[in-house]
Number of protein chains: 2
Amino acid sequence: MAISTAEGTDQFSGAQRPLYEVKANLFKGLAHPVRVRVLEVLSAADSVSVTDLLADTGLEASHLSQHLSVLRRHNLVVAERRSSQMFYRLAYPEVANLLTVARSLLVKILETTQQQLVSTVNLPEIVSSDGDDGRVT
Amino acid sequence: MAISTAEGTDQFSGAQRPLYEVKANLFKGLAHPVRVRVLEVLSAADSVSVTDLLADTGLEASHLSQHLSVLRRHNLVVAERRSSQMFYRLAYPEVANLLTVARSLLVKILETTQQQLVSTVNLPEIVSSDGDDGRVT
DNA sequence: TTAGGAATTGATGAATTCATCATATCGACA
DNA sequence: TGTCGATATGATGAATTCATCAATTCCTAA
């Protein structure tokens, strides 16, 4: 097909990558519930420790870590060590914008398809730790 | 993990799907260069025929069709038959917004990571048909 | 009423992503 | 300096997505 994939799959593989490939790759980075959840949590707080994220998501540490690694690789988050813990935050406020706009679109779509939105409050097994008021982001 | 996947992978599988899963699923629908490209083309025109999309992308018909099917399943586009041809358009203008916001984020990211944006004009094998001036969307 | 163009569907192997487990690194502090 | 808590990395099989090819449906016009 016309759309080359020869230059690699991240967004750093040389100058000649078409925008739509880079864009698709960005969406790939967002295309997992755990990663979306993490970004939502980070959108609502300046900086969150991995420990807190573990509590929030109920994930196994290595599993979360892999998803954080994906988010880092996509330059969506940045990590910083503070003494013994790692803290993550959004790399750019625009990441939160993207989630917000995605949500608006979803509202439209779900309205039309007769679905009801469910806030994150009633969700199975997401342990709500302090600071998380369950608001829909 | 805490995040259930038992309810299916589209956005229609019952009311109890957490927002972050639905959102992740939306991003999955966008996570392919062909689909992004198609949405970009549709963002710039009211309605485009499959024939034109074929010319634009250089894809094999069945391949394009599968991606169009994904976009339909995700409610991102709607199809309409006009005599012998199928015409596609964005299901909601918000779809275009999402692409625009994604682009802004990408500009930020690529600025930081020293990458240069490349317009779609110089891309290999994308046949530029009438109406497509190669502008970056 | 059938031939042909336009588009979709189905099937298949290849490639990618995911979840899980085991192991490794890094830093604080005893 | 050795050990423990915190996090990351590596390896593996399972699941999903992709690309390609063949077959099918739908429409139009001869």
Side-chain angles (χ1 to χ4, degrees), chain A residues 1-10 13 20-21 24-38 47-74 77-89 125, chain B residues 1-10 13 20-21 24-38 47-74 77-89 125:
Chain A
M1 74 170 293
I3 297 178
S4 95
T5 50
E7 303 225 27
T9 66
D10 63 11
S13 311
Y20 55 78
E21 274 190 23
N25 195 53
L26 166 63
F27 290 130
K28 249 187 228 180
L30 299 165
H32 192 288
V34 169
R35 297 197 290 271
V36 170
R37 182 77 175 112
V38 167
S47 177
V48 179
S49 70
V50 173
T51 303
D52 284 353
L53 287 173
L54 281 172
D56 263 7
T57 59
L59 292 174
E60 195 200 344
S62 74
H63 196 190
L64 210 216
S65 205
Q66 306 227 44
H67 284 294
L68 289 173
S69 160
V70 172
L71 291 174
R72 264 185 276 122
R73 202 151 20 83
H74 284 263
V77 303
V78 294
E80 175 201 4
R81 180 178 291 280
R82 290 214 280 273
S83 100
S84 69
Q85 284 186 304
M86 293 293 295
F87 287 78
Y88 280 81
R89 58 184 171 79
E125 280 203 54
Chain B
M1 72 170 296
I3 297 177
S4 95
T5 50
E7 303 223 29
T9 66
D10 64 10
S13 312
Y20 55 78
E21 272 189 25
N25 194 53
L26 166 63
F27 289 130
K28 247 187 231 181
L30 299 165
H32 192 288
V34 169
R35 297 197 291 270
V36 170
R37 181 77 176 112
V38 167
S47 178
V48 179
S49 70
V50 172
T51 302
D52 284 353
L53 287 174
L54 282 171
D56 263 6
T57 59
L59 292 174
E60 194 201 343
S62 74
H63 196 190
L64 209 216
S65 206
Q66 307 228 42
H67 285 294
L68 289 173
S69 160
V70 172
L71 291 174
R72 265 184 276 122
R73 204 152 18 84
H74 284 265
V77 303
V78 295
E80 175 201 4
R81 180 179 291 279
R82 290 214 280 273
S83 100
S84 70
Q85 285 187 301
M86 293 294 296
F87 286 79
Y88 279 81
R89 57 183 171 79
E125 278 202 57

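Side chains included, hydrogens not; waters and symmetry mates left out as well; all remaining heavy atoms used. Order of the sequence lines sets the chain letters (A, B, ...), proteins ahead of strands, with each chain counted from 1.
The CG-C1' distance, from B:L68 to C:dA6, rounds to 13 Å in whole Å. Atom NZ in A:K28 sits about 14 Å away from atom P in C:dA15, given to the nearest Å. One can place CG of A:L30 at 14 Å from P of C:dT17, the figure rounded to the nearest angstrom. The nearest whole Å value for the distance from the CG atom in B:L53 to the C1' atom in C:dA7 is 12 Å. Atom CG of A:L59 is separated from atom P of D:dA8 by 13 Å (rounded to the nearest Å). Straight-line distance from the NE2 atom of B:H74 to the P atom of D:dT17: 8 Å, rounded to whole Å. The distance between atom CG of B:L54 and atom P of C:dA6, rounded to the nearest whole Å, is 10 Å. Rounding to whole angstrom units, NE2 of residue A:H32 and P of C:dT20 are separated by 10 Å.
Among D:dA6, C:dA6, C:dT9, the nucleotide with an atom closest to any side-chain atom of B:T51 is C:dA6.
With A:V38 as the fixed residue, the side-chain contact (heavy atoms from CB on, under 4.5 Å) test singles out one of A:V70, A:V50, A:L68: A:L68.
At least one side-chain nitrogen or oxygen of A:Y88 sits closer than 4.0 Å to the OP1 or OP2 atom of D:dA8. For B:H67, a side-chain nitrogen or oxygen approaches OP1 or OP2 of D:dA19 to under 4.0 Å.
Not one N or O on the side chain of B:R35 forms a donor-acceptor pair closer than 3.5 Å with the backbone of B:L71.
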Original post:
In the 5'-to-3' direction, what one-character label does each nucleotide of nucleotides 21-30 of chain D receive under the scheme B = base within less than 4.0 Å of a protein heavy atom, S = sugar-phosphate only, - = no such atom?
Top reply: BB----SS--

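The salt bridge (Lys or Arg N to Asp or Glu O under 4.0 Å) search around A:R81 returns none, not counting sequence neighbours.
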Subject >> Candidate pair A:E80 and A:S47, rule side-chain hydrogen bond (donor to acceptor under 3.5 Å, both in side chains), full reasoning >> reply: CA-CA 9 Å; A:E80 175 201 4; A:S47 177; 5.1 Å; no

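The shortest side-chain heavy-atom distance between B:V78 and B:R89 falls under the 4.5 Å cut-off. Looking at B:L53 and B:R37, their side chains never come closer than 4.5 Å, going by heavy atoms from C-beta outward.
Ring geometry for A:H32 versus A:H67: interplanar angle of 30 to 60°, hence tilted.
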